[in-house]
2 protein chains.
Amino acid sequence: MFMNELKAAADQIQATLDTAMGPLGQTPVEQGMRYACTGGKRLRGFLVLETARLHGLDIKTALHPAAAIEALHAYSLVHDDLPCMDDDDLRRGQPTVHVKWDDATAVLVGDALQTLAFELLCHSDNGNADVRMKLVSTLAKASGAQGMVLGQAQDIAAETATDPLGLDEITQLQANKTGALISWSAQAGAILAQADPEPLRQYAQAVGLAFQIADDILDVEGDATKAGKKLQKDADAGKATFVSLMGLDAARTKAAELVDQAVDAVSVYGERAQGLRQIAAFVIERDT
Amino acid sequence: MFMNELKAAADQIQATLDTAMGPLGQTPVEQGMRYACTGGKRLRGFLVLETARLHGLDIKTALHPAAAIEALHAYSLVHDDLPCMDDDDLRRGQPTVHVKWDDATAVLVGDALQTLAFELLCHSDNGNADVRMKLVSTLAKASGAQGMVLGQAQDIAAETATDPLGLDEITQLQANKTGALISWSAQAGAILAQADPEPLRQYAQAVGLAFQIADDILDVEGDATKAGKKLQKDADAGKATFVSLMGLDAARTKAAELVDQAVDAVSVYGERAQGLRQIAAFVIERDT
């Protein structure tokens, strides 16, 4: 049932992205943009739609912001997969953009997808100019040099550091690298409704960390075919992860505790938060 | 006199960028962002300030948009200089970001500078939410897959094409690659003032093309020390340019004609367009 909802949301987000990219031509960069925006779980976009619904908004209001966060996420993956970054050949079970085309195309595809994300936030369906402005400024903050990119920079720095990171440092790094976008996604509904985002911020903080711990667990014991990407990368690289620092059992326990915290944080919304409770549970149960 | 004005504008834009990047830390990415935003002629930022002044606006209204276009321009240079793109070691007389740090840092520096550009457009000094929204949506359009990035993609495609580009194709390519940002810069003052941008659009179209022809002339006969970057690159690569297609004399004549057209386009503003006339002339007289 929940998986059906997730799939339905993913389809609507895909359709919104397809429409937005409709005017694009057929250069490798334009083909690469469509390619990079295909597939994926759309968890971030689902959070946008679900928190908008929670505030009684029409889904039409939330589709472009949901598409925007997925375009931004796609940009970060395309650049993260580059040979000079994480050097990944496989993503969502398909060759990465720089493998299918080349590095230059992948740089430009990521660049243009970031731009597309901000363009999507300007769409008139999203509400008045104040709301759209708030979407832009908060996403810029979440994704830039004090958000996601800072986390990526900290991740690169960690690779060459003499001492491996401790638990607090990994938590901080991940709060930036993956947490900031998840947090934006969960708060987007409140921004759209001009409502208090605080319960959603607390929810997202717990879900974001649980998501990353689950990723580290998947990296150790997941099925690479299902995941559609290379696993065991962190262990091979000798990188500190939640699993290497806490052990598998404690990591699992911690992730489950975080899901409980997330569920508590949205109890204020009552029955309407059912979708958010399900996605919190899904985050640590997924196999991709 | 005009050079003093250009220098004074550049200093104010630099100060705005410095303040915006003040909260950043000292990771290589954050250092690289400051580094990439240092120096340069600030022609685009000057156009923003000058067209705002033309509409009677306080300079305070235009400083963040001027800083934004310079941050966006800096991002495009950092990515364009990457080994997988144009592979340039020198920029503004200094080692490029990937030479001073590494490729991964340069990718992230460019990514974060693009984000910073959109963040700067959200600044409350820039006018009401409608104005700021318009700045964001128009800059996204000018810089994305139907503007600057399209031009870069066309440029890459041209390198591997069997037939060299003709004059119409080069003109179209450059209108995207460099023209779109120049056009945005010149129209920014009208957007800020909620005035008709049409005369400025015509001005920018002529100035943008003159700028690129002058660049091609500089590439052939410029002084690499003054230019602060490698020259003769296009000739060495066998790429079609305005000079290779038209010859040096005809290119010079065409650039001068375009400056006349640009000057005509802003005659509607009378004396207040003095700065725009000077910058149009400067574009084809500069030696860097």
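Every chain is numbered from 1, with letters handed out A, B, ... down the list of sequences.
Using modelled atom types, one side-chain atom of His123(B) and one backbone atom of Asp125(B) make a donor-acceptor pair closer than 3.5 Å. The closest donor-acceptor contact from the side chain of Gln114(B) to the backbone of Asp111(B) lies at 3.5 Å or more, if one exists at all. Judged purely by atom type and a 3.5 angstrom limit, Thr96(B) uses its side chain to pair as donor or acceptor with the backbone of Asp88(B).
Going from atom CD1 of Ile191(A) over to atom OG of Ser137(A) covers 7.5 Å, rounded to the nearest 0.5 Å. A distance of 10.0 Å separates CG of Leu57(A) from CD of Gln194(A), quoted to the nearest 0.5 Å. From Leu165(B), atom CG reaches atom CG of Asp155(B) across 8.5 Å, with rounding to the nearest 0.5 Å. Note: Thr16(B) OG1 to Lys60(B) NZ = 11.5 Å, rounded to the nearest 0.5 Å. Of the inter-residue distances, the one linking Lys134(A) atom NZ with Arg132(A) atom CZ reads 16.0 Å to the nearest 0.5 angstrom.
Of all residues in residues 174-189 of chain A, none places a non-hydrogen atom less than 4.5 angstrom from a non-hydrogen atom of chain B. For residues 66-85 of chain A, the interface with chain B (any heavy-atom pair closer than 4.5 Å) comprises Tyr75(A), His79(A), Leu82(A), Cys84(A), Met85(A), sorted by residue number.
Within the structure, no pair that satisfies the ring-ring contact (aromatic ring centres under 6.0 Å, His included) test touches residues 127-177 of chain B, not counting sequence neighbours.
A side-chain N or O of Asp102(A) and one of Thr105(A) form a donor-acceptor pair less than 3.5 Å apart.
Contacts between Ile156(B) and chain A at a heavy-atom distance below 4.5 Å involve the side chain alone, from C-beta outward. Using a 4.5 Å cut-off between heavy atoms, Ala157(B) does not touch chain A at all.
Counting heavy-atom pairs closer than 4.5 Å to chain B, the top residue among Asp103(A), Leu108(A), Leu121(A), Asn128(A) is Leu108(A). Of the residues considered (Val109(B), Thr115(B), Leu113(B)), Thr115(B) shows the highest number of contacts with chain A, using heavy-atom pairs under 4.5 Å. Heavy-atom pairs under 4.5 Å with chain A were tallied for Ala117(B), Ala112(B), Ala106(B), Gly110(B); the largest tally goes to Ala112(B).
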Atom pairs and distances, donor-acceptor, side-chain atoms in residues 28-36 of chain A, under 3.5 Å, two or more places apart:
residue	atom	partner	partner atom	Å
Glu30(A)	OE1	Thr27(A)	N	3.1
Glu30(A)	OE1	Thr27(A)	OG1	2.6
Glu30(A)	OE2	Gly25(A)	N	2.8
Gln31(A)	NE2	Gln26(A)	O	2.8
Arg34(A)	NH1	Gly25(A)	O	3.3
Arg34(A)	NH2	Leu24(A)	O	2.8
Arg34(A)	NH2	Gly25(A)	O	3.3
Tyr35(A)	OH	Pro95(A)	O	2.6

Margin query: If you apply the rule side chain to side chain contact (heavy atoms under 4.5 Å, CB included), what do you find for Asp18(B) with Gln14(B), and how did you get there?
Written below: CA-CA 6 Å; Asp18(B) 290 346; Gln14(B) 188 68 54; 3.2 Å; yes
